[in-house]
There are 2 protein chains.
Amino acid sequence: MELAQEVGARLRRLRQDRGLSLSELARRSGVGKGTLSELETGQRNPTLETLYALTTALDAPLSTVVGPAPVQGAAVHAVLTDRVQDAAAVWEVYRIRIQSGAVQRSAAHVPGTEEHLLVFSGTARVGPASAPFEVGPGGHARWAADVPHLYEAVGRDVEGVLVVRYPVG
Amino acid sequence: MELAQEVGARLRRLRQDRGLSLSELARRSGVGKGTLSELETGQRNPTLETLYALTTALDAPLSTVVGPAPVQGAAVHAVLTDRVQDAAAVWEVYRIRIQSGAVQRSAAHVPGTEEHLLVFSGTARVGPASAPFEVGPGGHARWAADVPHLYEAVGRDVEGVLVVRYPVG
DNA sequence: ACAGAACGTTCTGTAAACGGAACGATCGTG
DNA sequence: CACGATCGTTCCGTTTACAGAACGTTCTGT
């Protein structure tokens with residue numbers, strides 16, 4: 001998808017999630033109504049100032065509209081917030097939400113891959129498919145991800161941070 | 001600092017870190033040399049397309065130039081990558097680097113505050129000032145931060161993720 | 001059914017972001 | 001010392017992102 005279209009779609013979604021009309025957001029942000037309409041439909045290439053005015057009025061960080069796209073699975077919704085590489089390994093940090101009512105299974109990753117989960121809220125059932133374990137709010141789990149593993153929310157949805165480490169190469 | 005100036009300064013720094021001349025980056029990114037010069041000095045309000053062309057040529061995510069500013073302390077360098085709030089608490093996720101050769105001390109935070117550290121590389125000495133402990137690569141530590149605590153790198157610099165949880169109010 | 005208001009889109013004139021050319025400054029190199 | 005190459009800045013004509021007006025459409029209330 002075209003960059004401007006992607007950003008426009010995210011803006012529109014963000015605005016609608018907050019129940020704002022296009023006219024109302026235009027008023028609050030000081031951005032022209034016409035400008036906003038064309039931005040949301042991907043017909044314009046916004047300036048930094050305009051994006052900033054809009055995300056501020058929407059009470060969202062700029063990264064919400066320009067950041068990487070979320071990864072969506074059966075029960076897992078994740079967005080990459082950081083990525084670090086050193087001589088031996090790559091670390092990827094995801095903001096993760098596990099939705100209750102479904103189980104997400106993941107195949108084995110490259111040998112040496114390891115995952116960490118830090119739970120903010122809810123209780124998760126994660127780890128190797130053969131022996132998963134539960135982690136509650138404030139808890140931490142670590143498991144080898146070079147075997148099949150799964151993610152599941154026990155009861156309410158789970159919010160947290162997932163860190164994946166895999167060897168470089 | 002003005003937004004355009006802040007972004008300009010980050011672009012300049014990013015380019016210089018890679019040892020590129022302004023002319024060379026202009027050539028690689030397809031962005032006009034004059035445009036780039038004025039951007040870096042904060043005299044222009046870049047469009048999304050221009051920012052994208054530049055960060056792509058610099059092999060950096062867009063968030064590097066539009067993301068939040070780093071927090072710098074005696075030994076700790078941290079940037080906030082995410083912030084989540086629910087009914088009971090606020091969670092802040094930081095990419096953290098602890099530089100060796102200095103100890104960073106932190107006063108007690110609000111009661112109920114808790115910190116987690118996930119170490120990517122290096123060995124950290126962290127936790128309550130009265131009883132710190134060591135965490136190596138791939139390790140995880142958790143401590144109460146409502147008492148004085150400290151951060152220190154043992155040997156080489158430490159890279160990792162720091163998560164701070166504090167009660168809402 | 002008809003006002004009136006609010007919605008999102010399209011139009012219009014202006015300000016400014018763009019690429020590229022011209023410029024002086026600072027290098028190495030013969 | 002020239003000479004050419006490359007640096008970053010300033011200038012210029014074109015393109016386009018902007019704010020605001022004008023527009024057709026969809027509600028809501030009397």
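Lettering follows sequence order; numbering is per chain, from 1.
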**OP:** Give, ordered by number, those residues of residues 54-62 of chain B having at least one heavy-atom distance below 4.0 Å to an atom of DNA chain C; if nothing qualifies, reply none.
**Re:** none
Original post:
Distance check: side-chain N/O of B:Ser23 vs OP1/OP2 of D:dC7, anything under 4.0 Å?
Top reply: yes
Original post:
Using purine N1 to pyrimidine N3 plus N6-O4 or O6-N4 for Watson-Crick, or N1-O2 and O6-N3 for G-U wobble, both under 3.5 Å, which nucleotide pairs with D:dT30?
Top reply: C:dA1
Subject >> Nucleotide nearest A:Ser21 (side chain, heavy atoms from C-beta), chosen from C:dA17, C:dC18, C:dG8 >> reply: C:dG8
Original post:
To the nearest Å, how far apart are B:Asn45 CG and C:dA15 C1'?
Top reply: 12 Å
Original post:
Under 4.0 Å between a side-chain N or O of B:Thr50 and OP1 or OP2 of C:dC18?
Top reply: yes
**OP:** Would you tell me if any nitrogen or oxygen in the side chain of B:Thr47 comes within less than 4.0 Å of OP1 or OP2 on D:dA17?
**Re:** no
Identify every side-chain donor-acceptor pair in residues 88-96 of chain A under 3.5 Å, counting partners at least two apart or on other chains, and give the distances.
unit_1  : atom_1 : unit_2   : atom_2 : d
A:Glu92 : OE1    : A:Tyr94  : OH     : 2.7
A:Glu92 : OE2    : A:Arg83  : NE     : 3.2
A:Glu92 : OE2    : A:Tyr166 : OH     : 3.1
A:Arg95 : NE     : B:Asp82  : OD2    : 2.8
A:Arg95 : NH1    : A:Glu159 : OE1    : 3.4
A:Arg95 : NH1    : A:Gly160 : O      : 3.1
A:Arg95 : NH2    : A:Glu159 : OE1    : 3.0

Original post:
Rounding to a whole Å, what distance do you find between A:Leu25:CG and D:dA19:P?
Top reply: 12 Å
Subject >> D:dC7 phosphate, OP1 or OP2, under 4.0 Å from B:Arg27 side-chain N/O >> reply: yes
Subject >> Among A:Gln43, A:Arg44, A:Lys33, the one residue meeting side-chain hydrogen bond (donor to acceptor under 3.5 Å, both in side chains) with A:Glu38 >> reply: A:Arg44
**OP:** Check the distance between D:dG8's P and B:Leu20's CG and give it to me in whole angstrom.
**Re:** 10 Å
Original post:
Counting only heavy atoms not in A:Asp17, do more than 12 sit closer than 6.0 Å to its CG atom?
Top reply: yes
**OP:** Kindly point out which of C:dG8, D:dA17, D:dA19 is positioned nearest to the side chain of A:Val31?
**Re:** D:dA19
Original post:
Does the side chain of A:Leu51 reach to within under 4.5 Å of the side chain of A:Leu11, using non-hydrogen atoms?
Top reply: yes
**OP:** State which residues pass salt bridge (charged side-chain N to carboxylate O under 4.0 Å, His left out) with A:Glu40; sequence neighbours excluded, sorted by chain then number.
**Re:** A:Arg12, A:Arg15
Subject >> B:Arg28 CZ - C:dG19 P separation (whole Å) >> reply: 18 Å
Check nucleotides 9-12 of chain D for protein N or O atoms closer than 3.5 Å to its own N or O atoms and list the pairs.
unit_1 : atom_1 : unit_2  : atom_2 : d
D:dT9  : OP2    : B:Arg12 : NH2    : 3.3
D:dT9  : OP2    : B:Ser37 : OG     : 2.7
D:dT9  : O5'    : B:Ser37 : OG     : 3.4

**OP:** Determine yes or no for a side-chain-to-main-chain donor-acceptor pair under 3.5 angstrom, with A:Thr56 supplying the side chain and A:Ala53 the backbone.
**Re:** no
Subject >> Donor-acceptor under 3.5 Å (B:Asp157 side chain, B:Ser100 main chain) >> reply: yes
Subject >> D:dG8 OP1/OP2 closer than 4.0 Å to side-chain N/O of B:Arg15 >> reply: yes
Original post:
Linking Ile, Leu, Val, Met, Phe, Trp and Tyr by side-chain heavy atoms under 4.5 Å, what else ends up with B:Val71?
Top reply: none
Original post:
Could you give all pairs that pass the salt bridge (Lys or Arg N to Asp or Glu O under 4.0 Å) test and reach residues 105-116 of chain A, with sequence neighbours left out?
Top reply: A:Glu114-A:Arg142
Subject >> Rounded interatomic separation in angstrom, taking CD from A:Glu49 and P from C:dA15 >> reply: 15 Å
Original post:
Rounded to the Å, how far apart are A:Leu11 CG and C:dG8 C1'?
Top reply: 16 Å
